[in-house]
There are 2 protein chains.
Amino acid sequence: MFTESILIENLRNAGLRLTPQRLAICHLLINNTEHPSAQQIFEHLRPQYPSLSLTTVYNTLEALVGLGAIHNLGNDVSGTIRYDAETTPHANLICTTCNRIIDYHSPHVQTLTDEVKAQSGYQITGARVLYYGLCDECQQKSSSQP
Amino acid sequence: MFTESILIENLRNAGLRLTPQRLAICHLLINNTEHPSAQQIFEHLRPQYPSLSLTTVYNTLEALVGLGAIHNLGNDVSGTIRYDAETTPHANLICTTCNRIIDYHSPHVQTLTDEVKAQSGYQITGARVLYYGLCDECQQKSSSQP
DNA sequence: ATTACTGCAAAAGATTTGCACTAGG
DNA sequence: CCTAGTGCAAATCTTTTGCAGTAAT
């Protein structure tokens, strides 16, 4: 199904209301690979939805996280919570200079997750696998300016 | 070397001053497996160091993280940053009910880290491998209270 | 018609900053 | 001595909460 975002399906199946604000936030989450924060989502959508409030962005993100439809990645380098619409087990790479976050897929993440679930004794409900460092671009910038 | 904490060595080698406050914070970090927050460290030490300030705790933690002597684990379930004095590659398990954090050692973490360093193109400087779920104790409490 | 959702304003927390004083080296 | 470090108070920033009005179902 490509005409309807999987996030919207999640909301519908949970019996939550499909308000224009929620639909817009889901649309942005699906069509944006920046792993945005609540504030960034708010700023992206404000021009087209002038009445949108930051509170609603937080509400919707909390609802989607609660449904397991998106992941809370925890705080980035600037201390702000970032979200990820990609929910298959993977790692995220966070650039400590530009604060950009990208997905990094590796079967080792699944292997580790399976092991933790089997051996830790914890009833695992979520995971965050984050690596911090300098992205390609920021490495080049910093090496050209000694 | 067991008479001198490795954290204190780190401070000394970096040329940072060994104030009583910093020594106390290092001592607590080494002898505490709770992965404490700045506030928790402050509360633990306040009785013995009545003049200690939360600002100094934050300063010291920032210095130690900067030296790579401890790790910033990011925000726990309550939104507070927690710290880990164990810096070998490992995962952390966070209980979403009691907010407790424990270390989980697995060779798969090192494997993944090696792969990310070799293949991502990022110059990796740090990592956080976090799993969220219910710890043994909280599972038992929740199953006995339906 | 219901009641979940929205948006505003205010509150709550965690962390950071400015600055005068103190003390480690 | 000298300047890094401390402690206090205030500021900042993100996220949460209370509540009256609005709109999805």
Side-chain angles (χ1 to χ4, degrees), chain A residues 4 7-26 28 35-67 70 72-83 99 101, chain B residues 7-26 28 35-67 69-70 72-83 99 101:
Chain A
E4 191 92 41
L7 299 184
I8 296 173
E9 280 308 308
N10 266 277
L11 290 174
R12 193 198 309 281
N13 293 341
L16 299 177
R17 292 185 183 168
L18 304 183
T19 66
Q21 295 90 334
R22 284 181 172 171
L23 297 177
I25 293 166
C26 288
L28 186 147
H35 306 79
S37 66
Q39 182 71 44
Q40 287 167 339
I41 292 170
F42 178 66
E43 286 166 8
H44 270 94
L45 296 178
R46 201 77 201 270
Q48 281 138 74
Y49 301 83
S51 80
L52 179 68
S53 73
L54 192 51
T55 304
T56 293
V57 176
Y58 277 108
N59 282 344
T60 299
L61 290 170
E62 183 187 14
L64 290 169
V65 169
L67 296 175
I70 64 173
N72 173 332
L73 293 179
N75 43 219
D76 64 17
V77 178
S78 77
T80 309
I81 292 176
R82 304 278 287 265
Y83 296 87
N99 227 344
I101 300 180
Chain B
L7 298 185
I8 297 172
E9 280 308 308
N10 266 276
L11 290 174
R12 194 198 308 282
N13 294 340
L16 298 177
R17 292 184 183 169
L18 304 183
T19 65
Q21 295 91 332
R22 284 180 172 171
L23 296 177
I25 293 166
C26 288
L28 186 146
H35 306 78
S37 66
Q39 182 70 45
Q40 287 166 340
I41 292 170
F42 178 66
E43 285 166 8
H44 270 94
L45 295 178
R46 201 76 199 271
Q48 282 138 74
Y49 301 83
S51 80
L52 180 67
S53 73
L54 191 50
T55 304
T56 293
V57 177
Y58 277 110
N59 283 343
T60 299
L61 290 170
E62 183 186 14
L64 291 169
V65 169
L67 296 175
I70 65 173
N72 174 332
L73 293 179
N75 41 222
D76 65 17
V77 177
S78 77
T80 308
I81 292 177
R82 304 278 288 266
Y83 296 87
N99 226 345
I101 300 180

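Each chain gets a letter, A, B and so on, in the order the sequences are listed, and its residues count up from 1. As a basis for the values below, the full set of heavy atoms in this structure was taken, side chains included, without hydrogen atoms, waters or symmetry mates.
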Expressed in angstrom and rounded to an integer, what is the separation of B:R12 atom CZ from C:dG24 atom P? 14 Å

Nucleotide C:dT22, atom P - distance to CG of B:L52 in whole Å: 17 Å

To the nearest Å, give me how far apart CG (A:L11) and C1' (C:dA4) are. 13 Å

So, is A:S51 close to the C:dG7 phosphate, meaning a side-chain N or O under 4.0 Å from OP1 or OP2? yes

Rounded to whole Å, the CG-C1' distance (B:N13 to C:dG25) equals 16 Å

Under a 4.0 Å heavy-atom criterion, the protein footprint on nucleotides 10-21 of chain C, written with B, S and -, is ----SBBB----

Shortest non-hydrogen contact from A:F42 toward A:L54: CE1-N, 3.4 Å

Let me know which of B:L52, B:T60, B:I25 forms a side chain to side chain contact (heavy atoms under 4.5 Å, CB included) with B:I41. B:I25

Quick check: closest heavy atoms across B:Y83 and B:A38, and the distance to 0.1 Å? CE1-N, 4.3 Å

So, the side chain of B:R22 versus the backbone of B:R17: is there a donor-acceptor pair under 3.5 Å, distance only? yes

What is the nucleic acid contact for B:P50, judged by heavy atoms within less than 4.0 Å: base, sugar-phosphate only, or nothing? nothing

Using modelled atom types and a 3.5 Å cut-off, is there a donor and acceptor pairing between side-chain atoms of A:R82 and backbone atoms of A:L73? no

Donor-acceptor pair present, B:R17 side chain and D:dT3 base, under 3.5 Å: yes

Which nucleotide, C:dC5, D:dT25, D:dG7, lies nearest any side-chain atom of A:L18? D:dT25

Over how many whole Å does the gap from A:N75 atom CG to D:dC13 atom P extend? 16 Å

Output the rounded distance in Å from CG (B:L61) to P (D:dT6). 11 Å

Rounded to the nearest Å, what distance is computed from the CD atom of residue B:Q21 to the P atom of nucleotide C:dT22? 14 Å

Rounded to whole Å, the CZ-C1' distance (B:R22 to C:dA23) equals 12 Å

So, the side chain of A:N99 versus the backbone of A:V77: is there a donor-acceptor pair under 3.5 Å, distance only? yes

Picking from D:dT25, C:dT6, D:dC8, which would you name as closest to the side chain of A:S53? C:dT6

For B:E43, is there an ion pair with B:R46 - N to carboxylate O distance below 4.0 angstrom? no

Does a side-chain N or O of B:T56 approach OP1 or OP2 of D:dG7 to a distance below 4.0 Å, or not? yes

